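Okay, so here's the structure we're looking at.
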Amino acid sequence: MQQAMQKKGAMNVAVFASGRGSNFQAILHAIDAGTVPAQIVVLISNSAHAGALETARGHGIPAMHMSEKQFINEQEFSNRLLAVLREHQVEAIALAGYLKRVPPQVIQQFRNRILNIHPALLPFFGGAGMYGHHVHEAVLASGMKVSGATVHLVNEDYDRGAILIQRTVEVAAGDSAESLAAKILKVEHEIFPIALKALAENRIKIEGNKAWITL
Ligand code: GRF
């Protein structure tokens, strides 16, 4: 419950999530354990029913339902989003199962400060329509023997920002989209906090369209 009071020197993070928010919880655990020098200052969800909203409220984190549909156009949406991010002095954004495109103005203002987690080994099995079970079904259909999770920086090119960290899992005979998703989710929960920690500690080195986490 580190959220009640703001921690000095910790990176202020906004989490965007559309669903149950298990990655959000993994990040919260890592912060509570003192592993990641950050604090979640606001949780934003495009879905009023996202489990992530409940989790945030349970932690005393401001939780907001904000969707482009509530605004007359994307410009208005992104103006409001940017205002909320400013209000909470947000320094970085973690997309933890966020199914919407981040408006370009937000990407511009948070250049190399937005992380996304994807349940496959990018640059494969990413892009439009590649979310949830669609990803795992495509992997199974491809016959590949490994899949995994990727944390990458977000740029204007959907799922194509510089890769920061990946972890593989084996695709076994008899795996279903569900069993593969479960295996991958486990490694997602490990690598997202690692990437966030690196960002908070200024250990991300960017060269052109590539990025590394340094020691
Ligand atoms: C995860 O598989 C993540 O990779 C993808 O959406 C899913 C979100 O799961 N982007 P959760 O809401 O964090 O449990």
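Start at 1 and go down the list; that is how both ligands and their atoms are numbered. Predicted, not measured: the structure shown is a model, and the values here were computed from it.
- Judged by distance alone, the side chains of Asn12 and Gln89 never bring a donor and an acceptor atom under 3.5 Å apart.
- For Lys205 and Glu207, the salt-bridge test passes: some basic side-chain N is under 4.0 Å from an acidic carboxylate O.
- Ligand 1 is surrounded by Arg20, Gly21, Ser22, Asn23, Gly97, Ile117, His118, Pro119, Glu188, each with at least one heavy atom closer than 4.0 Å.
- Of the possible polar contacts, none joining the Glu54 side chain to the Gly51 backbone as a donor-acceptor pair under 3.5 Å is found.
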| What's the verdict on side-chain hydrogen bond (donor to acceptor under 3.5 Å, both in side chains) for His65 and Ser47, showing C-alpha distance, side-chain angles and the deciding distance? | CA-CA 6 Å; His65 168 220; Ser47 160; over 6 Å; no

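- Classified by interplanar angle (parallel below 30°, tilted 30° to 60°, perpendicular above 60°), the ring pair Phe71/Phe77 is tilted.
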| query | What do the steps show when you test Gln105 against Glu74 for side-chain hydrogen bond (donor to acceptor under 3.5 Å, both in side chains), and what is the final call? | reply | CA-CA 10 Å; Gln105 289 88 344; Glu74 192 193 52; 5.3 Å; no

